[in-house]
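Before any comments, here is the structure.
Remember, it's a predicted structure, so these values are computed and weren't measured experimentally. Just follow the structure's listing: the first ligand is 1, and inside any ligand the first atom is 1. Computed from heavy atoms alone, side chains included, the values below leave out hydrogens, waters and symmetry copies.
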Amino acid sequence: MIPLTHPASALENNWFTVDALDDSTFGISEYGQWMKVHSYLFVGTERAILVDSGLGVGNIRTIVEELTKLPVDVITSHAHWDHTGGHHLFDRFSAHILERDWIESSWQRYTKDIGNWLVKEPFSQEPPPQFEIKKYMPFHAKVDRLHRDGDVLDLGGRKLEIIHTPGHSPGHVCIHEEERGYLATADLLYKGVLLGGLKFSDPEDFHRSLLRLREFFPIGKLLPGHGRLNIENDLLDEAIEAFGRLAKKGLLKKESGLHEFDRLKIQL
Ligand SMILES: [Zn+2]
Ligand SMILES: [Zn+2]
């Protein structure tokens, strides 16, 4: 990873950590909150794509504008509040049709719990001074545009493909860049506790989506949605094997509990 000496990190009270994965691809991480969320910025010659916008604790747009002056489109990996917190700072965003209801209306049912969840563990870094937990609200808005499986986004000089990967949530997508070998997996794959037992999760879809990601291998680098930024590519094999083992034992269903494996856990 190329160390980044960039003034962006001086903004927003150091809430964000920016890692340059190459000269035009950036991981934007929020290590100060226990979920350690990552968003990713892909910069082309004509426009840029921001995959997810983080927690909404700091202003991610100021960071993005330090990294590119091009127009930015936001892609929603899925509708959960920890990946859409900065969406309101941008002119437009897209989401999968199966996430639309969540973004436009279902968010209301979860508002109270989300603030508690955000600070379930104390922040390990000072949030920006303007942040107030009492005013914290999950993002909701009319979805501007829909994206779907197989869509190819041309940024000028580079292309990203949308892969529909339901399981964690119904309209969850991963983002693949064949030429540079990036695969952004959001909440489908990271090092930590994979969540397949949430209200709209489907453990069997989760398994199928992981299997589908294999079609895109070999890849250069996985870009996870949480936890450590650098994860081993063969974590996918372990996840697939783990889901396979649960299926064999008849445990691949909701409320079967927390299952522990070598490098990851699965909560169903
Ligand atoms: Zn999620
Ligand atoms: Zn998440």
task: Provide the closest heavy-atom pair for W15 versus L55 in the form atom of the first, atom of the second, distance.
output: CZ2-CD1, 4.2 Å
- line: Closest heavy-atom pair, C174 versus L183, reported as atoms and distance to 0.1 Å, is CB-CD1, 4.5 Å
task: Check whether any N, O or S atom of H80 sits under 2.8 Å from the Zn ion (ligand 2).
output: no
Between the Zn ion (ligand 2) and [X], which N, O or S atom of the residue is the nearest one?
{"X": "D82", "answer": "OD2"}
{"X": "D187", "answer": "OD2"}
{"X": "H226", "answer": "NE2"}

task: Starting from the C-alpha separation in whole Å, work towards a yes-or-no answer on salt bridge (Lys or Arg N to Asp or Glu O under 4.0 Å) for D22 and K221.
output: CA-CA 11 Å; D22 60 46; K221 184 166 173 44; over 6 Å; no
- request: Run the ring-centre check on Y31 versus H38 and record whether the distance is less than 6.0 Å.
  value: yes
query: Can you tell me if H83 has an N, O or S atom under 2.8 Å away from the Zn ion (ligand 1)?
result: no
query: the Zn ion (ligand 1) to H78: any N/O/S contact under 2.8 Å?
result: yes
message: If you consider just the N/O/S atoms, which atom of H168 is the closest one to the Zn ion (ligand 1)?
response: NE2
- request: Applying ring pair (Phe, Tyr, Trp, His ring centres under 6.0 Å) between F139 and each of F93, W102, F90, report the one that passes.
  value: F93
statement: Checking H83, E30, K36 against H226 for side-chain hydrogen bond (donor to acceptor under 3.5 Å, both in side chains), the one that qualifies is H83
